[in-house]
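Okay, structure first, notes after.
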Amino acid sequence: QVQLVESGGGTEQAGGSLKLSCIASARDISIYAMGWFRQAPGKDRELVAAIDWAGGNTYYSDSVRGRFTISRNNIKNALYLQMTSLNAKDTAVYSCAAANKIYLTTVQEEYSIWGQGTQVTVSS
């Protein structure tokens, strides 16, 4: 059973930056497309960024495009989310997830492996 463990969350001031990491226990994560989701209190979970198996194709939601960067290092079994120009609306629990396919997907139901999440709080 593949496990995903996120780290890097915390409290940051508006305008600041944070980098999230997700380490997979799998022998080879290159068989998975991966994504970062977030869920704010009282709101539905939303996909903020996704990436294909090789990192060549990426997707960003309108709310983070131009501020967040998703990347992966398959040798290190790692997924990253670099977040810049943070604002209060970015406050949420961020989770990484893996889909059992190599091509990028924006369909939440296709992500079958989830991390436990890490809290990001942006103070104004």
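For this chain, numbers begin at 1 and follow the sequence in order.
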To the nearest 0.5 Å, how far apart are [atom1] in [X] and [atom2] in [Y]?
X	Y	atom1	atom2	value
K43	K89	NZ	NZ	7.5 Å
N100	S112	CG	OG	5.5 Å
L4	Q116	CG	CD	9.0 Å
E12	T91	CD	OG1	11.0 Å
S124	L86	OG	CG	12.5 Å
D28	N77	CG	CG	7.0 Å

Taking the side chain as C-beta and beyond, is there a heavy-atom pair between [X] and [Y] under 4.5 Å?
X	Y	result
D52	I102	no
R38	V64	yes
D90	R67	yes
I51	L79	yes
M83	L20	yes
K19	Y80	yes
E6	S95	yes

Treat each ILVMFWY residue as a node, draw an edge where side-chain heavy atoms are under 4.5 Å apart, and state whether I31 and V2 are in one component.
->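 In one cluster: yes.
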Heavy-atom closest pair, residues [X] and [Y]:
X	Y	result
A92	A40	CB-N, 3.8 Å
A49	L81	CB-CD1, 4.1 Å
I29	R72	O-NH2, 2.8 Å
N57	L104	O-CD1, 3.5 Å
L47	S61	O-CB, 3.6 Å

_CA sep, side-chain torsions, deciding dist, call: E110, T105, side-chain hydrogen bond (donor to acceptor under 3.5 Å, both in side chains)_ = CA-CA 7 Å; E110 292 189 336; T105 178; 2.4 Å; yes
Fill in: E46 atom CD, neighbour heavy-atom count above 12 within 6.0 Å
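Check passes, neighbour count above 12.
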*Sequence neighbours left out, what pairs pass ring pair (Phe, Tyr, Trp, His ring centres under 6.0 Å) with at least one residue falling in residues 22-66?*
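Qualifying pairs: F37-Y111, F37-W114.
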